[in-house]
Amino acid sequence: ESAPLPAPEETAAPVVSAPVETPAAAPAEVPAAAPAAAPAASAVGGDMFSKALSMYKAQQYNDAYKAFEQVLTQNPRGDEAAETLFYMGESLFARGEYDLAILDYQKVISNHADHPRTPTALLKQGMSFEKLTDHETAKIIYKKLIAEYPQSAEASTAEQQLAALQ
């Protein structure tokens, strides 16, 4: 139906794979994040972001990803960049391309640590590792989330995910 999405250009931390294990319990699904506060952006950039987000909400993930890429090209820094990268990861996650989603979530985590989407990006990164049956890395991500964002709703979910993996 559609061609595979291009790999992100930036590199992330190396991914170490653990032996494949049978999951003990299915991970809880986290609903797709609703846009919190709309990022302040130029009228043109904001309009492009809105169109991309509409495609995402309409489950047109491949088109949404491409549109978010265009938004990121025009505004590679700031809060809108963090939102854009997050939704690029969400688009990939929704398509089951967990390995690529991990990379886009990592860009949010590494480059926008103080952004409100960062705890969610960590959670979804951990969930992506779970989907790839890399439970040891998922545990590391969940522990990092709990340590760095202990008061977040995502930390509570991470505790549940971690308990299911023990």
Side-chain angles (χ1 to χ4, degrees), residues 1-36 52-53 55-69 72 81-166:
E1 175 217 9
S2 61
L5 297 175
E9 295 175 14
E10 296 179 36
T11 58
V15 175
V16 180
S17 295
V20 175
E21 302 172 24
T22 304
E29 291 297 322
V30 173
L53 190 57
M55 289 179 212
Y56 172 81
K57 289 178 179 178
Q59 299 180 356
Q60 298 169 345
Y61 302 121
N62 197 40
D63 291 337
Y65 186 90
K66 290 174 185 173
F68 285 127
E69 271 187 320
L72 190 62
E83 283 287 314
T84 303
L85 286 164
F86 176 79
Y87 277 105
M88 288 170 72
E90 289 288 88
S91 296
L92 293 166
F93 187 93
R95 289 174 48 90
E97 297 185 49
Y98 306 115
D99 52 342
L100 297 176
I102 286 166
L103 298 176
D104 280 336
Y105 292 135
Q106 186 61 44
K107 292 173 193 173
V108 177
I109 296 161
S110 297
N111 301 331
H112 307 278
D114 295 330
H115 192 274
R117 288 284 186 214
T118 302
T120 309
L122 271 165
L123 178 63
K124 293 301 286 277
Q125 191 177 55
M127 293 172 70
S128 296
F129 279 110
E130 271 194 79
K131 295 276 191 186
L132 295 171
T133 68
D134 185 348
H135 297 157
E136 294 308 310
T137 304
K139 289 178 189 177
I140 292 167
I141 300 294
Y142 293 144
K143 288 175 183 175
K144 177 180 177 174
L145 169 56
I146 293 163
E148 293 183 11
Y149 304 93
Q151 302 303 315
S152 68
E154 293 85 355
S156 175
T157 303
E159 288 171 353
Q160 295 168 4
Q161 298 290 100
L162 198 53
L165 290 174
Q166 297 303 342

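Index from 1, following the sequence. Computed from a predicted model, the values in this text were never measured in an experiment.
Note on residues 148-166: no pairs pass salt bridge (Lys or Arg N to Asp or Glu O under 4.0 Å), not counting sequence neighbours.
Annotation: side chain to side chain contact (heavy atoms under 4.5 Å, CB included) contacts of Ala121 (sequence neighbours excluded): Phe86, Tyr105, Val108, Ile109. Judged as a ring pair (Phe, Tyr, Trp, His ring centres under 6.0 Å), and not counting sequence neighbours, Tyr149 has no contacts. Applying the side-chain hydrogen bond (donor to acceptor under 3.5 Å, both in side chains) criterion to Ser156, with sequence neighbours excluded, gives no partner residue. Listed by chain and residue number, Phe129, Glu130, Tyr142, Leu165 satisfy the side chain to side chain contact (heavy atoms under 4.5 Å, CB included) test with Ala138 (two or more places apart in sequence, or in another chain).
Looking at Glu90 and Asp104, their side chains never come closer than 4.5 Å, going by heavy atoms from C-beta outward. Within the 4.5 Å cutoff, the side chain of Gln166 has heavy atoms near those of the Lys139 side chain. In this structure, the side chains of Leu123 and Met127 come closer than 4.5 Å at one or more pairs of heavy atoms. Side chains of Tyr98 and Leu92 form no contact here, defined as non-hydrogen atoms less than 4.5 Å apart.
Residues Ser128 and Ile102 come closest through the heavy atom pair CB-CG1, 3.4 Å.
Under the 3.5 Å distance criterion, the side-chain polar atoms of Thr137 are left unmatched by any main-chain donor or acceptor of Asp134.
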- Determine, step by step, whether Arg95 and Tyr65 satisfy the side chain to side chain donor-acceptor pair (under 3.5 Å) criterion, reporting the C-alpha distance in whole Å, the side-chain angles of both residues, the deciding distance to 0.1 Å, and the verdict. CA-CA 10 Å; Arg95 289 174 48 90; Tyr65 186 90; over 6 Å; no
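We find that Glu69 and Lys66 are not joined by a salt bridge, their nearest charged nitrogen and carboxylate oxygen being 4.0 Å or further apart.
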